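Heads up, the thing below is written out as structure tokens.
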Amino acid sequence: MAEELPETPETAEEEPIKQRKNGLYPGVSDELAENMKSGWADTELHDLRPIAQTAETAARRAALSARFPGERLVIPAGNLKTRSNDTEYAFRSSVEYAYLTGNQTEDGVLVLEPVTAPDGTSGHRATIYLLPRSNRENGEFWLSGQGELWVGRRHSLTEAEKLYGIPASDVRELAQKLTEATGPVRVVRGYDAGIEAALHDKVTAERDEELRVFLSEMRVVKDAFEIGELQKAVDSTVRGFEDVVKVLDKAEATSERYIEGTFFLRARVEGNDVGYGSICASGPHACTLHWVRNDGPVRSGDLLLLDAGVETHTYYTADVTRTLPVNGAYSEIQKKIYDAVYEAQEAGIAAVKPGAKYRDFHDAAQRVLAEKLVEWGLVEGPVERVLELGLQRRWTLHGTGHMLGMDVHDCAAARTETYVDGTLEPGMVLTVEPGLYFQADDLSVPEEYRGIGVRIEDDILVTEDGNRNLSAGLPRRSDEVETWMASLKG
Ligand SMILES: [Mn+2]
């Protein structure tokens with residue numbers, strides 16, 4: 001990649017950009033600077049259609065407005081983060097900003113300004129603050145690191161208004177506006193230090209937290225657009241799992257990285273990215289819950305635990321796990337453990353329905369696993385005692401699921417009473433993912449169990465009369481998994 005012209009330390013606002021860019025590079029002559037100003041076509045796009053979810057984003061902003069009447073609300077997208085020296089991580093905007101606007105641009109900020117309608121009702125006027133097209137007169141577009149010549153064409157503010165259905169304004173003027181603003185204000189913290197600095201004497205941590213919590217709880221129940229996006233994410237993920245099965249021989253010849261790379265290819269071609277670091281855990285690595293180093297061998301006779309999800313361009317992610325026999329057939333002990341986890345998952349999925357407590361599916365799955373562990377003689381019964389003391393957790397390790405959406409562990413700021421202690425409603429999407437893990441160094445179990453880890457995870461939508469498994473496109477029952485693998489490898 002090309003290197004930007006370095007900036008000298010003493011950068012004054014008033015100086016033309018060309019004078020700030022010397023250092024290792026020869027200065028820009030007046031003739032070149034003048035030459036670069038002109039000879040460029042007008043590329044304004046006039047026939048843009050609004051993005052697909054403008055109705056939904058408007059409804060979300062209206063709900064937010066109703067909750068905080070008379071208050072200015074500031075929701076930043078966030079800024080680029082340095083990876084090292086002058087390279088940055090791929091940008092992903094804050095979910096709060098993307099959820100309310102459909103836009104994902106770095107440095108963007110949504111501001112809801114309180115207004116009173118002629119009939120006396122209070123509401124808000126929304127504005128998205130964005131960086132406009134690069135200025136060609138002052139050389140910004142080719143001399144600044146954020147110039148469009150370096151980073152690519154941006155939408156003009158007029159284009160952004162058409163796309164997102166929200167009036168757009170120049171973000172470079174926002175900090176000053178916020179500094180001068182009066183009246184109550186709240187900001188979503190943690191994304192944009194510059195915006196927070198402009199508001200530091202106007203906001204409190206407690207009030208800002210209320211805004212963050214409300215935005216997280218808004219996302220607990222998904223609208224029809226979101227459910228469609230989650231299904232897309234799952235469908236791409238199903239194809240990604242199929243891709244992996246087809247190249248298991250290449251993974252055996254290399255490492256778990258071949259699996260990670262194969263799934264990533266599908267995620268980047270069909271979506272935005274993976275929704276989280278893929279867990280490509282072969283053999284005993286399956287017992288490490290967040291195994292993302294993925295640098296181990298893949299061996300025939302071992303299991304592969306693949307926990308991965310494609311994230312759509314709108315940021316909705318799948319979260320699916322399958323535990324597959326690398327050679328296509330489960331051994332006797334692998335099948336025994338796998339079938340127990342399958343049975344637990346079936347019990348968990350059956351407990352997902354409107355009106356059920358959120359904790360029910362976890363309890364149902366844990367009971368099955370505890371029963372199996374007692375039956376196998378690994379822990380002393382009765383089952384009630386095991387569950388009461390939580391003794392099964394040596395091998396079940398984690399909760400049985402979580403909300404799913406724009407974050408893989410979605411709605412994390414929601415209060416306990418609306419999430420973990422809450423009741424399931426149609427439109428919620430959650431994972432059901434029981435597992436059993438026998439660590440390689442666990443001397444409390446017979447040797448044949450050691451180094452085996454199994455998790456089965458599906459993405460479940462709560463419907464009016466029960467649930468729908470969005471990831472039913474991937475087989476789960478052990479014999480169906482074997483048939484499916486054989487058909488892909490054949
Ligand atoms: Mn999960």
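Values below: all heavy atoms of this structure, side chains included; hydrogens, waters and symmetry mates excluded. Counting convention: from 1, in listed order, for ligands and their atoms alike. Here the structure is a predicted model, which is why all the values come from computation and not from measurement.
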**Study point:** ring pair (Phe, Tyr, Trp, His ring centres under 6.0 Å) involving F263 - partner list, sequence neighbours excluded
**Key:** F241
Exercise for review: Starting from the C-alpha separation in whole Å, work towards a yes-or-no answer on side-chain contact (heavy atoms from CB on, under 4.5 Å) for L404 and I460.
Suggested key: CA-CA 9 Å; L404 183 69; I460 311 293; over 6 Å; no
Restricting to N, O or S atoms, which atom of [X] is closest to the Mn ion (ligand 1)?
| X | value |
| --- | --- |
| E457 | OE2 |
| D319 | OD2 |
| E433 | OE2 |

Check your understanding: Would a line drawn from the ring center of Y97 to the ring center of Y191 be shorter than 6.0 Å?
Key -> no
Practice item. Report yes if the distance between the aromatic ring centroids of Y437 and H398 is under 6.0 Å, otherwise no. Key: yes
**Study point:** N/O/S atom of H402 inside 2.8 Å of the Mn ion (ligand 1), strictly under
**Key:** yes
Practice item. Measure from the Mn ion (ligand 1) to each N, O or S atom of D307 and report whether any distance is below 2.8 Å. Key: no
Point to revise | Flag for E433-H402: side-chain donor and acceptor within less than 3.5 Å | key: yes
